[in-house]
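Contents: one structure, followed by commentary.
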Amino acid sequence: MGMNSATTLGRSGTHDWIIQRVSAVILGIYFIGLMGWFVCTPVLDHAAWAALNACTAMRIVNTLVVLSLVAHAWVGVWSILTDYVTPARMRNVGLGDYATGLRFLLEVVVFLWLFGSLAWGAVIIWAGA
Amino acid sequence: MADVRTFEIYRYDPDKDAAPYMQTYTLELDGSERMLLDALIKLKKQDETLSFRRSCREGICGSDGMNINGKNGLACLASLDELPKKIVVRPLPGLPVIRDLVVDMTMFYRQYEKVKPFLINNTPPPPTERRQSPEDREKIDGLYECILCACCSTSCPSFWWNPDKFLGPAASIQAYRFLVDSRDEATAERLANLDDPFSVFRCHGIMNCVNVCPKGLNPTRAIGHIRNMLLSKGV
Ligand code: SF4
Ligand code: SF4
Ligand code: FES
């Protein structure tokens, strides 16, 4: 599978599949929990929000959530790119020969963007810890 | 009242034509034609350059898969009574056209070959035969009936975009047929060969395959079973 499997996240299709589902469940639970917090907090202001996110438990949860988001996005975008930026697909628009190179370029851009976001997110989450 | 039908048929002879085109034919049915294939055979008498594959003319050989009014199917099972006055016939989508309705099935067969579609069992065979209980035999129902017509795989967008990496519905049905066969001993190796992100995981559950299979088979379900086997092996 050459370059293609080298750019997946898990070591196999089964791993990618599991990563995709587990990260979706984590994100789902997190956003439902967050909704609950918004509804149940009597005074919704910056102080309450800052206090919530300053505790270590919440920092760990936030890190996990950003990690899940990045992993979920990578598996999903990689799968979209390998569906639509392929020689067979791009031949229709006369770009068949460039598809593989173009996809690699897009993969690099998305990868840098997502993992840059991960690093930046970690810096924000753990600031002042 | 005479039953006159119009046929718009995809024509392409790479030796003569710069590009494919649609040719219109009319045919007055005399009542002896039941299926689209009967009409095509009559049209071929009018114009012998018209090319298509067919053999058994009863839904067994799988050679006359084509796109009929936008839906893949076998010409020999497409009843003229159920088709409208105007019938548009194109080759199966996504595969290279050799000529007219004849497509190059190499990529389709390559996926079929990849799943090792034969029983692997290295234990010396018993003097009679390798037995199977009726329950075990039932497990390959809905799988072994596949006639490899390619109607499903050529209606599957995932197969169009990755015909070299994604098994496609037809080869997936065959893969599962040997994975569940109680007489087969290569289950672990077979699963290991399907664990990459494309072979079975590229199925997005669009179910075009189920919609067109002339034998009423369900490749999406077979793919789901393979995934479950991979997951329970991996977890
Ligand atoms: S269900 Fe899967 S195999 Fe069937 S057409 Fe859709 S993507 Fe293809
Ligand atoms: S699963 Fe059905 S549509 Fe697909 S190749 Fe087999 S018989 Fe044809
Ligand atoms: S001619 Fe054999 S399946 Fe139609």
Side-chain angles (χ1 to χ4, degrees), chain A residues 1-26 68 70-108 110-111 114-115, chain B residues 19-20 92-97 103-104 106-108 110-111 114-115 153-168 172 175 179 187-206 208 223-235:
Chain A
M1 315 286 128
M3 186 184 87
N4 286 310
S5 40
T7 53
T8 61
L9 188 59
R11 274 164 297 138
S12 69
T14 314
H15 283 124
D16 278 4
W17 195 90
I18 294 170
I19 289 171
Q20 197 70 329
R21 266 75 196 166
V22 170
S23 58
V25 169
I26 293 175
S68 298
V70 165
H72 193 86
W74 174 252
V75 174
V77 171
W78 180 81
S79 139
I80 292 168
L81 289 177
T82 47
D83 262 347
Y84 293 107
V85 192
T86 57
R89 183 69 180 93
M90 306 274 292
R91 209 169 289 137
N92 301 353
V93 288
L95 293 173
D97 293 345
Y98 305 103
T100 305
L102 181 63
R103 187 180 68 236
F104 185 70
L105 194 74
L106 289 169
E107 282 172 355
V108 171
V110 172
F111 185 91
L114 285 177
F115 289 85
Chain B
L92 289 175
L95 294 176
V97 173
V103 291
D104 180 352
T106 310
M107 284 192 288
F108 177 79
R110 213 166 266 158
Q111 295 302 338
K114 219 157 86 176
V115 306
S153 295
T154 58
S155 70
C156 170
S158 283
F159 186 73
W160 293 340
W161 311 147
N162 284 296
D164 53 335
K165 299 191 191 76
F166 172 49
L167 289 185
S172 299
L179 280 168
T187 312
E189 295 89 311
R190 290 181 187 278
L191 284 176
N193 283 335
L194 300 176
D195 196 29
D196 64 279
F198 286 95
S199 296
V200 287
F201 284 100
R202 206 29 73 125
C203 168
H204 298 312
I206 310 156
N208 282 1
I223 294 173
H225 286 310
I226 300 177
R227 277 184 191 172
N228 288 343
M229 289 178 91
L230 283 165
L231 287 168
S232 46
K233 191 189 69 137
V235 173

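Note that the structure is predicted; figures quoted are calculated from it, not measured. Sequence lines set the chain letters: A, B, ... in the order given, protein chains first and strands last, and positions in each chain run from 1.
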Flag, side chain of A:D83 to backbone of B:W161, donor-acceptor distance under 3.5 Å
no

At a heavy-atom separation under 4.5 Å, does B:P157 approach chain A through its side chain, its backbone, both, or neither?
neither

Decide yes or no for A:S79 and B:R202: does some side-chain heavy atom of the first lie under 4.5 Å from some side-chain heavy atom of the second?
yes

Is the count of non-hydrogen atoms from other residues, nucleotides or ligands lying under 6.0 Å from B:R110 atom CZ greater than 12?
no

Checking B:R227 side chain against A:T14 main chain: does a donor-acceptor pair fall under 3.5 Å?
no

Please examine the side chains of A:T82 and B:F198, heavy atoms only from C-beta on, and report whether any two atoms are closer than 4.5 Å.
yes

Do A:D16 and B:F201 have side chains that approach each other closer than 4.5 Å (heavy atoms only, starting at C-beta)?
no

